Structure formats: C-alpha cells, structure tokens
**Q** 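One structure follows; several queries about it will come next.
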Amino acid sequence: MNAPASKLQPAAATTSPVVEAKALSLTFETADGPVRALSDVDLSVGRGEFVSFIGPSGCGKTTFLRVIADLEQPTAGDIRVNGLTAEAARRARAYGYVFQAAGLFPWRTIEKNVALPLEIMGYSARERRERVARTLDLVNLTGFERKYPWQLSGGMQQRASIARALAFDADLLLMDEPFGALDEIVRDHLNEQLLELWARTNKTICFVTHSIPEAVYLSTRIVVMSPRPGRVTDVIESTLPKERPLDIRETPEFLEIAHRVREGLRAGMSDE
Amino acid sequence: MNAPASKLQPAAATTSPVVEAKALSLTFETADGPVRALSDVDLSVGRGEFVSFIGPSGCGKTTFLRVIADLEQPTAGDIRVNGLTAEAARRARAYGYVFQAAGLFPWRTIEKNVALPLEIMGYSARERRERVARTLDLVNLTGFERKYPWQLSGGMQQRASIARALAFDADLLLMDEPFGALDEIVRDHLNEQLLELWARTNKTICFVTHSIPEAVYLSTRIVVMSPRPGRVTDVIESTLPKERPLDIRETPEFLEIAHRVREGLRAGMSDE
Amino acid sequence: ADDVTLQLKWVTQAQFAGYYVAKDQGFYEEEDLNVEIKPGGPDIAPPQVLAGGGADVIVEWMPAALAARERGVPLVNIAQPFKSSGMMLTCLKESGIETPEDFRGRTLGVWFFGNEYPFLSWMSHLGIPTDGGEDGVEVLKQGFNVDPLLQKQADCISTMTYNEYWQVIDAGIPEEDLITFKYEDQGVATLEDGLYVLEDRLEDPEFVDKMVRFVRASMKGWKWAEENPDEAAMIVLDNDATGAQTEKHQKRMMGEIAKLTAGSDGTLDVEDYQRTVDSLLAGGSDPVITEAPEGAYTHEITDKAL
Amino acid sequence: MTASTPIAAPGSASAATGTVFRRLADGKALPIAIVVAAIVLIWYGFTVYLNAPWQIGLYQRADTEWTAADLVRDTMAQERPVLPAPHQVLAEMWKTTVEVRPTSNRSLLNHAWITLSSTLLGFAIGTTLGVLLAVGIVHNRAMDKSVMPWVIASQTIPILAVAPMIIVVLNAIGLSGLLPKALISTYLSFFPVVVGMVKGFRSPEAIQLDLMRTYNSSRTQTFFKLRWPSALPFLFTSMKVAVAISLVGAIVGELPTGAVAGLGARLLAGSYYGQTIQIWAALFMAAALAASLVALVGLGQRLVMARMGARP
Amino acid sequence: MNAAVAGALVFWAGAWALNEWLVRHNPRAPLARRALSLLVPAIFGITLLVVWEGLVRGLNVPTVLLPPPSMIWDRIVGSVPTLWADFRQTFLKAVLIGYALGCGSGFLAAIAIDRSPFLKRGLLPLGNFVSALPIIGIAPIMVMWFGFDWPSKAAVVVVMTFFPMLVNTVAGLSASSAIDRDLMRTYAASYWQTLFKLRLPAAAPFIFNALKINSTLALIGAIVAEFFGTPIVGMGFRISTEVGRMNIDMVWAEIAVAALAGSLFYGLVAQIERAVTFWHPSIRGG
Ligand SMILES: Nc1ncnc2c1ncn2[C@@H]1O[C@H](COP(=O)(O)OP(=O)(O)OP(=O)(O)O)[C@@H](O)[C@H]1O
Ligand SMILES: Nc1ncnc2c1ncn2[C@@H]1O[C@H](COP(=O)(O)OP(=O)(O)OP(=O)(O)O)[C@@H](O)[C@H]1O
Ligand SMILES: Cc1ncc(C[n+]2csc(CCO)c2C)c(N)n1
Ligand SMILES: [Mg+2]
Ligand SMILES: [Mg+2]
C-alpha cells in the first residue's frame with residue numbers, strides 16, 4: 001500500500017497516450033441551475049509532452065486537470081490516464097498535482113509540508129530529508145524549513161507547494177498556475193528549472209497558465225480553451241526546439257507562436 | 001458611525017503626500033529568531049500617483065502595504081497616511097485594500113460579498129444594488145451574483161475580491177497582486193479599466209505586481225524592492241503620458257523603462 | 001463464615017442502629033456470619049437490589065413490599081423489628097388546620113418512591129381526593145428535607161418521629177406552633193422497617209439457617225441498642241462514611257427509634273399485618289394492592305431464631 | 001510596554017501606578033479579583049434579603065426588639081440559612097479541609113478525592129470512547145447513518161433514572177467500586193466528544209482532502225496526517241465540556257451507590273439534614289474541582305496548539 | 001446458549017449486513033435518498049430492540065430490573081394521558097424555557113466576555129466554576145428559590161446549558177481567519193459590524209455544537225431536577241416514583257418518550273444547523 005509511486009506503470013502505457021480524453025463533459029449542479037464547466041473535450045497527451053492549457057478565467061482549466069486527477073467525475077465521455085481509468089491511475093500514484101491555491105497544512109512547518117507525500121508514500125527518513133532539502137533548494141526556500149506557512153509570503157507559500165509536488169517521482173505532473181504569484185525573476189528561474197527537469201526525466205506535464213509567453217516558452221503543445229461551456233478551441237503545436245535558452249523568447253519564431261495563441265484566445269472570447 | 005467613507009479627509013491633506021514613510025522598519029519575531037521584513041524604507045506617494053511595487057517574492061511588499069493599512073505595526077520609523085497616523089486614516093476609511101488571497105466569506109454569495117463594505121459603511125440598499133451591479137460588471141462577473149465563493153474558479157474569486165474593493169469610493173487603493181490569477185486578456189481588460197478609473201477619479205493607487213510590463217504600463221512611479229531585509233533599491237519615474245492605449249507597450253520608451261526595471265530587480269537580487 | 005448482604009432502605013442513621021450494633025459488637029461474628037451492610041439512598045429501591053442479586057435481605061416498609069410482591073417480586077417478611085409506625089403529618093398551627101378534615105384544599109408534602117402508600121390509603125380512608133381541587137388536597141413530592149414547611153410552600157409535610165420532626169424543631173419552630181397527626185393515632189398505621197427476602201430462596205435450608213442466625217443476631221443488636229441508646233448512636237456515627245451526621249441528632253433519633261422497636265421481639269404480629277393489608281386494600285378506586293396477598297410473611301425464621 | 005515609557009514621562013507618578021495597574025489588569029489576578037468581589041457583594045446582599053423573612057419571624061415569635069443592624073448580623077449567622085453568607089461557607093470549607101485529617105470521612109478533601117478518581121476514570125474512558133465512535137462515524141457510512149441517531153437518543157435517557165439500575169446490574173455481574181460510578185461519568189462525557197469530533201474530523205478543507213487523494217493516501221494516513229490535526233481544536237473544546245460533565249456524572253453516580261462517600265454523598269447528606277452551609281461547601285468544592293479540571297484541559301490545549309505552530 | 005439469545009444475535013448479524021448493503025447504494029432521487037437515511041437508523045434501532053427482547057427473555061432477567069420492549073410498548077399504549085401530562089410539564093415548560101434562557105444567557109455572556117478583555121480574564125475562569133455546579137446540588141437550592149413547580153426546573157436547565165454555550169461561543173468567536181479580520185479592519189468596521197458580519201457567522205458551527213449538546217443536556221437536567229421535589233406530575237417525578245413502586249415498565253415508557261422528544265429536538269437543531277452553516281466544509285461535503 002505504501003509502495004513508492006509510479007511502479008504500477010503497465011508496459012503497454014509506453015506507447016499509448018498518457019492522458020486521453022474522449023467527448024468529455026462535466027456539468028456542476030448548483031442551487032440555481034447547472035453550470036457546464038466542460039463540454040465535449042477531446043484531447044490526447046503523449047508521453048514526454050509538455051502541454052499548456054490557456055484560456056480565460058472560469059473556462060474549465062482547473063476542472064479539466066481535476067478530472068485527470070480523479071478529483072471530479074465527468075458527467076459524460078471517457079478519460080484514460082496511462083491507459084487506466086483516472087481512479088486506477090490515481091491509486092497507482094501516477095501524478096503529482098500543484099493546486100492553484102497553496103493549500104499547505106497550517107500545523108506543519110514548511111519542511112514537514114514538503115515531506116508529507118513522502119511520508120505517505122513510505123520513503124525512508126533519510127531519503128525524505130534529502131529530497132526535502134533538494135526540492136526546497138530548487139524553489140529557493142532554503143532557510144525557511146522550520147517556518148510555518150503563515151510566516152511566509154504568498155509567493156513563498158506557492159513555491160513550497162510546488163516543492164511538495166516535485167518531492168516525489170511522479171511521471172505525470174499536473175500544475176495549476178503554479179507560478180501565478182511569483183515575480184518575473186523567480187518565475188524565469190523556475191521556468192528554466194522546470195524545463196530542465198522535464199528534459200532530464202522525460203516527465204509528462206500538464207500545465208495551466210495565464211501567461212502566453214510562459215505557455216509558449218515551456219510547451220510542446222498549447223491547448224486554448226474558451227469559456228462556458230469550456231471547450232478546446234485551438235491546439236497549437238510548438239515548433240521550438242527542445243533546448244530553449246531564455247532569450248529564445250525574443251526570436252521571431254517565438255513571437256509568431258505567441259501571436260497565434262493570442263489570436264486563438266481572442267477568437268474564443270469573441271464567440272462567447 | 002456608518003457615514004460613507006472618505007468624508008473625513010482633512011483639507012490640509014490635499015497638498016501633503018498621501019503616503020509618507022520615514023525610516024520605516026519592521027521585524028517579525030518568530031520562534032527561531034527575528035525576520036527583518038522591512039528595513040529603513042523612505043517613501044512618499046503624492047495625491048493622484050499610481051505607484052507600483054515590484055520585487056522578488058518575500059521581499060516585504062505585502063508587509064509594506066499592510067503597514068500603510070495599519071494592519072501591521074512598524075517596529076521603527078514613522079508612517080503617515082493623508083497626513084494622519086495609519087490608524088486614524090484607517091478609521092477614516094481612507095483606502096480600499098485588495099488582498100493577495102481572495103478572502104471571500106463562504107457564507108455570502110458573490111453579490112453579498114461585494115456589498116459587504118457598502119453595508120458596513122452605511123450605503124442605502126438601492127445604492128448598494130447599483131454599485132454591486134456596476135463593479136461586478138467591471139470585473140466580468142455578471143451572472144455569478146448568486147453563486148457562493150467555492151463555486152467559482154480561482155480567477156473569478158480574485159476578481160470578486162477586486163470588485164469588493166472598488167465598490168466604495170476610497171481615495172487610496174492598496175492592491176496586492178490583484179491580477180495574479182487572471183488570464184492575459186482579462187488582465188489587459190482590467191488594466192485598462194483600472195487606468196481609466198484612476199484617470200477619471202484621481203485616486204492614489206499603490207499596486208503590488210510581479211509583472212514588469214504591467215508595472216510599467218500602469219504606473220507613474222515604480223518602486224523596486226530587494227529581499228531580506230526588504231528595502232527600496234530603486235525608484236523609477238515613468239515618462240509615459242497619462243493617456244495610455246494598450247499598444248503603448250510596444251513603444252521603445254516603454255521597453256526602455258521595462259528594461260530599467262528589470263536591471264534594477266537584477267541588481268537588487270545580486271547583492272543579496 | 002457465611003456471607004450476608006443487607007440492603008438498608010435509607011442512609012446510615014440510628015434508624016438502622018440494631019444492625020450496626022450487631023456488627024460492631026460482634027453478634028454476627030458469634031453466629032459465624034460475615035455481614036455487609038449497604039446503606040440506601042433516595043434512588044435505591046431495595047426490592048430491585050434484591051431482585052438483581054445485590055443483596056440477600058433488605059429492610060423495607062410493608063406497603064412497598066406488598067406492592068412489589070404484586071408486581072412480581074416475591075418478597076416475604078421474615079422478621080419485623082419495628083412494632084409501631086413513626087410516620088406523621090406535621091402542620092403549622094398558623095395554617096388553621098386542626099383535624100384531618102381541614103386538609104381539603106391544602107397543600108401537603110408527601111414522600112414518594114414507594115413511601116406514599118400509607119398516605120394514599122389514609123386519604124382514601126378519609127375520602128379526600130389527592131388530585132387537587134376544592135375538595136381534595138394538593139400533593140407535592142417532598143424532597144429530602146423539611147424546607148417546604150419552613151418556607152411555607154406546603155401547609156403540612158410528612159415527618160418521622162425520629163427524624164424530620166426534630167429538624168423542624170431545630171429550625172427554630174417551637175413545638176407549640178406545630179400540630180401533628182400520627183398515623184398510629186389515626187388508626188391507619190402500616191408496618192415499617194421489616195426484613196424481607198425472596199420467596200424461592202426460603203426453599204433452601206442452608207439459606208433459612210443463615211437467616212435464622214442473622215435475625216437472631218440482629219434482634220440482639222436491637223435490644224442492645226434499646227438499652228444503650230447513646231453508645232448505639234456513636235456506633236452509627238462511626239459507620240457513617242459521609243461524615244455528615246451529628247452526634248446530637250443521632251442520639252435523639254436513637255431515643256425515638258427505641259420507642260418504635262420496644263414492643264417487638266422480631267416476630268411479625270399477625271394482627272398488625274392484617275391491619276396493614278386491610279388499610280392498603282381499602283384504597284377506593286386506586287388501592288395500593290388489589291387482593292390480599294398469600295404467603296407474604298413467614299414465622300419460620302423468627303420461630304427458630306427466638 | 002517599554003515603548004510607552006518615554007511618552008509617559010510627564011507625571012511619572014501616575015504613570016507608574018498606571019503601568020502597575022495595567023500589568024495587573026493584563027494578568028488574570030486582578031480581573032478575577034474584581035469580578036469575585038462584585039459577586040461576593042451581591043451575594044451578601046442576597047443573603048440578607050433571602051434570610052430576612054425567616055429571621056423576622058424568629059424575632060416576632062421571641063417578641064424581641066430588633067434593629068436593621070441586628071437583622072443584617074443575624075441573617076448572616078443562621079444555622080440553616082436559605083442562602084448562607086460567603087464567610088459561613090468559607091469557614092465550613094476551612095473546617096472540613098484544614099482542621100480535620102485528610103483521610104477522615106469528615107474531610108472534604110477526602111470526599112473530593114473519591115469523586116475526582118471516578119471523574120478522571122470516567123472522563124478517560126468517555127473521551128476514548130467518544131473519539132473512537134467519531135472515527136467510526138466519519139469512516140463508515142453505515143455507522144454514520146445508524147449509530148448517530150441512537151447515540152443522541154441515549155443521551156436523552158435521564159441518567160439518574162437508569163443509574164441505580166446500572167449499578168444494580170453491574171453489581172449483579174460482579175462489578176463494584178470505582179468502575180460503576182465511572183461508567184456513569186463515561187455515559188455523560190462521551191457525547192460532547194462524539195459530537196465535537198465528528199465535526200472536527202469533517203472540518204478539513206476540500207482542497208486538503210483533494211491533496212491527500214492525489215497521493216492515494218490510505219484512510220489511516222489521511223486520518224493521522226489531516227483529519228486528526230484539523231480536529232484538535234474541536235477535541236479540546238469538547239473535552240472541556242466533557243470533563244465538567246464527567247464530574248457531574250461522578251457526583252450523580254454516587255447517589256445510587258449508597259451515598260457512602262464522595263462529594264455527591266456529602267451534598268445529599270447535607271440536603272437530607274437541611275444543612276445548607278454544608279451543601280454549599282460541597283458545592284464549592286465540586287465547582288473548584290471542575291474549574292481546575294477545565295483549566296488543566298485548557299493548559300493542555302495551549303501547549304498542544306503552540307506545538308502545532310498556531311498563530312499567537 | 002438458549003434459542004431466544006441465539007435468535008437475537010442472528011437477527012443482529014443479519015440486520016448489520018443489510019445496513020452495510022443499504023448504505024452502499026447511493027440513489028440519485030432525493031426521495032429515495034431521504035427514505036434511505038431514515039431506513040438505516042430504523043433498522044439499527046429495531047435491531048437493538050430485538051436483541052434487547054431476546055436477551056431479557058432468553059436470560060430470564062427479572063422485569064423489575066429490565067423489562068422487555070414489548071412490555072414497555074404495552075405500557076406506553078395504556079398510559080397515553082399520563083405520559084402526555086408529564087411531557088407537557090417537563091418538556092414543554094421546563095426544558096424549552098430553560099433551554100432558551102440558558103443558551104441565550106450563555107451566548108450573551110460569551111459576547112460580553114469577548115467584548116471586554118477584562119471580563120474574558122475575570123469571568124471565563126468563573127464560568128468554568130459554574131459549569132460544574134452539580135445538578136443535584138443546585139436542584140434543591142432552586143426549589144428553595146423558585147418553588148416546586150416548573151420554574152425551578154427551568155432554572156436548573158439554565159445553569160446546565162449555560163456553560164457549554166459559553167465555552168463554544170467563546171471558541172467560535174476566535175475561529176474567523178486572520179485575513180478576514182484584517183479585511184474588516186480595513187473597512188474600519190465597528191466591533192458590532194465585525195461581530196455580526198464576520199465573527200458570528202464564522203462561529204456558527206461552534207454555536208450549533210453547543211445547541212446540540214444542550215438539547216440533550218436540558219432534558220437530563222429537567223428530569224433529574226424533578227427528583228428533588230415537584231408537584232405530582234412530570235417525567236422525572238414519574239420515573240422516580242415508579243421505580244419505587246416497581247413499575248419499571250412505566251419508567252421505561254417515560255424514558256422512551258424522553259428519548260423520542262430529545263431526538264426530535266436534536267434533529268430539529270441539526271436541521272437548522274444544516275440550513276444556517278451550509279457553507280461549512282463539514283456540511284458542504286455532504
Ligand atoms: N464546485 C463547483 N460548483 C459549481 N460550479 C463550479 C464548481 N467548481 C467550478 N465551477 C464552475 O465551473 C467553471 C469552470 O471552473 P474552473 O475552476 O475549472 O475554471 P478555470 O479555468 O480554472 O478558471 P481560473 O483560471 O479562474 O482558475 C466556472 O464557471 C465555475 O464557476
Ligand atoms: N506573520 C509573519 N511572521 C513572521 N514572518 C513573516 C510574517 N509575515 C511575513 N513574514 C516574513 O516577512 C517577509 C516579507 O513577507 P511579505 O509577505 O511582505 O513578502 P512579499 O514581498 O509580499 O512576497 P510575495 O510576493 O511572495 O507575496 C518574508 O520573508 C516572510 O517570511
Ligand atoms: C425521596 C425520599 N424518600 C423518603 C424520604 C423520607 N425518609 C427518610 S427515612 C425514611 C424511612 C425509611 O427508612 C423515609 C421515608 C425522603 N426524605 N426522601
Ligand atoms: Mg483554475
Ligand atoms: Mg505578498
């Protein structure tokens with residue numbers, strides 16, 4: 001039960017897509033009528049891809065990530081993760097999730113918060129210490145190990161929650177606006193780090209962001225969504241090389257892709 | 001007691017600065033030693049200015065705004081708001097505050113949350129309805145009046161909290177990363193709206209952001225801060241005109257200022 | 001030694017002096033008995049304790065015992081140390097009550113918990129309804145003390161000659177301001193503190209033998225207490241674990257108790273028994289017992305013991 | 001505190017007394033003292049008022065002349081007052097705690113100890129049972145649906161009515177002494193714990209539970225790492241109520257055990273003989289005991305909360 | 001082991017299995033959902049009764065110790081007028097009035113304590129003191145002060161319910177989050193505005209906790225208080241009298257009425273809680 005994550009990856013999965021949504025719909029029942037958060041979403045994410053989701057606020061990005069994570073049940077359609085149902089994948093600890101809000105436990109210090117998934121997944125005390133130190137360093141929080149969440153600034157809390165998701169080795173990372181509350185420099189740094197991690201480990205990453213440059217810089221594919229009912233209006237393949245220095249952002253190719261994304265967003269907005 | 005806000009502005013204040021910090025320092029005492037969040041900050045914000053604060057995560061931006069708002073007591077130095085002490089200014093309802101986290105009350109619907117300050121400040125029911133409708137429209141939340149906070153996406157919650165701070169007429173707006181969780185398009189829209197509001201009403205705005213373009217686009221002055229102990233390392237005056245269409249962001253002048261801000265930030269980081 | 005558990009009807013006080021004396025003076029030991037005396041209290045129904053196996057023998061009033069017998073707890077009286085009843089109704093003279101007829105329209109304090117039977121049969125004897133109204137009496141459930149009289153919440157309250165009566169006096173109301181109606185004087189006295197056991201256990205000769213020895217030793221204790229009231233009171237005091245009793249009160253109580261036990265050697269007087277049964281049967285519409293009990297007493301034990 | 005010193009420089013004499021006063025007011029001693037003084041004053045007032053009719057009756061019966069001063073003095077010195085004066089109660093407490101051997105059955109300390117031991121035993125069993133039931137209710141839908149209503153119903157059974165039967169039954173199966181009394185405390189005290197802990201175990205935010213779900217955390221892990229810490233504030237609040245009720249239960253439980261010893265027996269004997277002063281002394285002892293127990297739980301709460309990094 | 005006991009145990013096992021099976025169903029229709037949420041506790045209750053009946057009959061427990069449910073039922077059916085009169089005296093008068101006054105005053109005291117740091121330090125420790133005033137100690141005193149009838153019982157209920165309300169409300173008033181309090185500060189909201197718009201709603205889950213605990217405490221208090229002198233009507237009076245008369249079935253009949261009334265009372269409070277604190281995670285989550 002407490003076996004380290006992701007050892008249940010079936011062999012077949014290496015060829016099949018990591019995330020596969022077919023005609024996915026989700027409607028929330030609220031007191032004053034149903035809210036359609038996702039409508040007929042078809043999407044397939046292959047192994048090792050870096051897919052960004054971009055779209056106006058409230059369009060269903062978070063909801064889609066939550067469906068992948070088996071935190072929300074679709075009302076129609078089908079979702080497969082690593083060829084398994086979402087639930088089976090979750091049970092196999094197939095992914096790490098960074099929530100939009102930090103969601104740290106107030107009674108745990110920062111290092112204990114980061115150690116939480118490691119404790120649950122049964123890592124040894126030594127390995128826990130090591131990994132906590134490494135990931136806290138990655139997000140520039142060394143020195144704050146013993147602080148409680150309320151003693152940290154908003155951005156620091158968000159970084160702690162990123163560290164928490166990176167501390168264990170999931171092949172799939174679901175990240176919901178992880179860098180929303182960070183300054184440009186830290187953000188650039190973490191973007192680089194994330195790319196580096198991704199290239200090194202061949203993880204698959206689903207990444208929600210509001211920043212078009214960030215999406216273009218990071219992704220192999222950019223999924224543009226439109227609001228209410230949330231659907232996929234455009235999928236843009238990136239032609240950028242896998243190796244991406246920060247100043248790639250000034251190349252015409254980059255700007256061209258960013259422009260296409262912006263157009264896609266606008267188009268989705270206008271037919272609302 | 002319930003008089004509408006900001007009628008207590010003393011006549012003298014029109015000439016004196018709206019916010020004036022002198023040798024301001026603030027140290028948090030924590031279990032494992034003191035944390036210096038602000039160190040010797042001198043700053044003066046004049047009436048009608050739009051000042052952005054930018055700096056790495058954890059450098060003390062939020063803390064500074066909280067000191068202005070009389071939510072935190074400086075351990076040394078002096079702070080004056082509208083020529084009054086921070087406390088007196090707070091009592092006179094001199095400002096509206098948008099927190100970094102939305103902080104909506106879960107037992108109130110969105111419209112009731114926005115109406116909260118209006119109720120407290122004694123606006124009539126008719127005026128409340130009107131203002132709530134107007135500000136919710138401003139942040140694109142029409143149609144969600146009757147929803148509860150947990151039924152909204154992260155960005156929508158953030159917008160509701162902006163609406164809440166705009167609903168009443170404070171001459172000073174303190175905004176802590178209000179647009180952090182918003183997509184580019186909504187963000188552009190709200191940036192425009194905010195500038196328009198500022199130009200029209202001659203409000204003074206203190207604005208924390210992580211986005212250099214946003215800071216440059218909005219501000220008359222940009223305050224660059226450096227981390228631990230947080231101090232002001234650079235203050236950049238904007239030479240842009242008051243009238244700013246969105247495409248001003250592609251002018252060389254704009255890019256030049258953005259470059260200076262970026263340099264200031266880097267300089268502050270490196271001497272850490 | 002054989003174990004015997006005795007369940008008292010009320011808290012440790014001189015009312016039960018005989019048993020404490022017998023234990024203290026070694027009378028039980030002489031009979032090769034090891035007696036445990038369990039004090040009672042306001043919620044302890046001794047018949048229930050007996051039925052539950054918590055005691056071998058109990059002290060109970062006969063009306064309650066006979067009522068319990070009708071309800072399926074086959075109590076049998078094996079000895080009757082108390083000859084006469086100590087129960088009274090005590091009223092303030094200033095209330096103007098002079099005869100029982102004057103009770104109509106008044107408020108009377110009555111003990112319940114099985115102690116109300118003598119009162120109810122007296123009232124039905126007099127033809128006074130007990131559910132309020134012009135003609136009837138208003139009944140209050142009287143608590144542990146005499147406050148209702150002192151605070152004039154009731155016109156009369158139930159008292160025992162050996163206990164509550166003296167509390168009224170101690171509270172500062174002189175005897176001449178009181179008027180009392182003794183059940184004995186009214187001809188409605190019922191038998192009090194008798195010893196009861198479960199009927200089926202009497203089929204066991206060993207148990208009978210144990211009870212014989214128990215009754216013999218207990219009666220020896222009672223007679224000792226009658227002769228040495230002050231020492232008996234001190235023995236009771238020593239056995240009071242609450243530490244709330246006072247010497248003055250217990251000595252006085254012992255004096256009064258001695259008057260009630262004086263006429264009895266422990267043998268149940270069949271005439272007294274019959275009077276009690278008749279009085280309980282004559283309850284009008286709601287008699288305490290509906291038919292004359294059979295086998296509710298035995299002389300077997302006392303005959304052997306004395 | 002130090003910062004205020006220079007401001008207070010002019011008129012330093014009054015400032016000094018001011019700070020002394022403030023220091024006292026910031027502590028607990030002075031406020032309690034003032035509130036207690038106020039209560040005592042009101043109490044004396046009531047003593048005179050409530051005992052006067054009786055006293056006047058006495059005067060009239062004895063045909064004595066009396067003045068208001070006599071009345072005030074005599075109402076505070078009755079042997080069986082309706083409401084004893086505070087000093088009478090204190091004198092009685094002094095007499096029964098200090099002037100007698102603690103082991104004597106006239107010692108209030110002895111009785112308090114007897115009651116305390118069954119209170120603590122009952123409270124410990126009750127809290128454990130309450131927590132366990134809450135765990136079951138939160139984790140098992142069948143228990144949630146079926147047990148809770150009956151737990152509630154059980155609490156509406158008047159304990160004093162069943163207590164004698166419980167004691168009789170327990171005696172019949174050979175249990176006697178401390179445990180039957182403690183079980184009555186248990187019966188009363190487990191309930192606030194169940195109610196509070198069910199609420200507490202369900203108080204984690206949705207996002208926190210979601211997080212645990214993404215880790216495929218087992219129920220046990222979710223329980224110890226999330227539900228339990230979130231429920232601790234509720235646990236302590238419940239325990240404060242539970243420990244107080246436990247004491248009430250222990251006292252109630254002393255009646256049917258034969259009113260032999262303990263504060264309950266003492267109260268009962270007091271009321272049986274109309275010894276108001278003795279009742280009040282026992283009452284105060286009980287209340288003092290409860291207050292210290294509640295304070296102890298509060299202390300535990302502060303310690304644990306501090307260890308959990310709660311914001312001061 | 002004899003047949004009745006064995007039968008009872010088998011029934012228990014069966015009913016438990018049935019319940020486990022039932023709760024696994026999660027019908028969508030609200031009506032079916034409601035029916036299920038009534039059926040499950042009902043089955044549990046019936047099981048308790050069957051086991052009780054079986055054990056009492058099988059083990060030959062004397063009825064003066066514990067009567068079987070069937071006997072109690074007969075008694076209930078046969079004594080409706082008495083039960084109703086007792087219910088009116090104890091529940092409708094003493095409990096409801098005492099509950100309202102006790103919860104009300106506990107609540108107001110909590111506000112007063114919260115309002116003044118002075119009282120918080122001075123009165124709260126004394127509140128603990130009052131909490132433990134045992135009913136059997138105060139009941140006679142209340143009878144002395146308020147007479148024999150229901151007011152003295154209501155007074156006992158007031159004392160009993162006061163403390164849980166006080167403690168919970170005080171805890172609840174500090175339950176709002178720091179950022180929410182800061183928000184109210186930025187509005188320069190007055191104490192009362194902050195209280196009504198933020199702190200009381202945030203305290204509501206705690207307050208309802210107390211209301212629920214008190215709903216059962218009130219009943220216990222009123223019934224026990226009647227042991228100490230009452231007019232000859234009331235649930236507590238009946239219970240103590242009938243125990244002495246060996247009518248244990250009547251005692252249990254009263255207990256059954258008390259349990260029913262108490263459960264309904266509690267259920268009502270819980271229902272109001274769901275409506276008022278719908279936003280709390282413990283309720284939002286279902
Ligand atoms: N629990 C819920 N109950 C009802 N409606 C919900 C719930 N959660 C989300 N919604 C609705 O579903 C829609 C999509 O929400 P979602 O959180 O997926 O948006 P998002 O794309 O993540 O937005 P943002 O960028 O602002 O975080 C919104 O309109 C929201 O109001
Ligand atoms: N209540 C507190 N107790 C102790 N330390 C605190 C507290 N609040 C903030 N700090 C510390 O003060 C410093 C400044 O925090 P602040 O919240 O002002 O940062 P910030 O500039 O707003 O950062 P961000 O952009 O991440 O929100 C941080 O190092 C933080 O750890
Ligand atoms: C609830 C209650 N029941 C009975 C008595 C009175 N009482 C005291 S001793 C005694 C004789 C039996 O031993 C009786 C009847 C009481 N005061 N309170
Ligand atoms: Mg989202
Ligand atoms: Mg901040």
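Owing to the predicted nature of the structure, the values given are computational and were not obtained by experimental measurement. By convention in this document, chain letters (A, B, ...) are assigned in the order of the sequence lines, proteins followed by strands, and residues within each chain are numbered from 1. Values reported hereafter were calculated over all heavy atoms of this structure, with side chains retained and with hydrogens, waters and symmetry mates removed.
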**Q** Checking salt bridge (Lys or Arg N to Asp or Glu O under 4.0 Å) for the pair Arg91(B)/Asp70(B): CA distance, chi angles, key distance, verdict?
**A** CA-CA 10 Å; Arg91(B) 290 200 183 285; Asp70(B) 186 39; over 6 Å; no
**Q** With respect to chain B, which residue among Thr194(E), Val276(E), Asp180(E) yields the maximal number of heavy-atom pairs within a distance under 4.5 Å?
**A**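 Highest number of pairs under 4.5 Å: Asp180(E).
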**Q** Checking Ala204(E) against chain B: side chain, backbone, both or neither under 4.5 Å from a heavy atom?
**A**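 No part of it gets close to chain B.
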**Q** Glu87(B), Arg164(B), Arg108(B): which one forms the most heavy-atom pairs within less than 4.5 Å of chain E?
**A**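 The candidate making the most pairs under 4.5 Å is Arg164(B).
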**Q** Taking the six-membered ring for Trp, is the centroid-to-centroid distance between Phe91(E) and Phe265(E) below 6.0 Å?
**A**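 Yes, they do, as the ring centres are separated by less than 6.0 Å.
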**Q** List the atom of Gln193(E), the atom of Met184(E), and the distance in Å for their closest heavy-atom pair.
**A**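 Closest approach of Gln193(E) to Met184(E), heavy atoms only: O-CE, 4.0 Å.
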**Q** Between Ser176(E) and Arg181(E), does any side-chain donor sit less than 3.5 Å from a side-chain acceptor?
**A**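 Looking only at side-chain atoms, Arg181(E) and Ser176(E) do form a donor-acceptor pair, the distance falling under 3.5 Å.
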**Q** Below 4.5 Å from any heavy atom of chain E, which atoms of Tyr95(B) appear? Answer side chain, backbone, both or neither.
**A**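 Contact with chain E: backbone and side chain both.
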**Q** Sort out for me which of Ala69(B), Pro117(B), Ala165(B), Pro149(B) touches chain E most, counting heavy-atom pairs under 4.5 Å.
**A**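 The option with the most such pairs is Pro117(B).
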**Q** Quick one: do the Glu226(E) and Thr90(E) side chains pair a donor with an acceptor below 3.5 Å?
**A**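 Yes, Thr90(E) and Glu226(E) have a side-chain donor paired with an acceptor closer than 3.5 Å.
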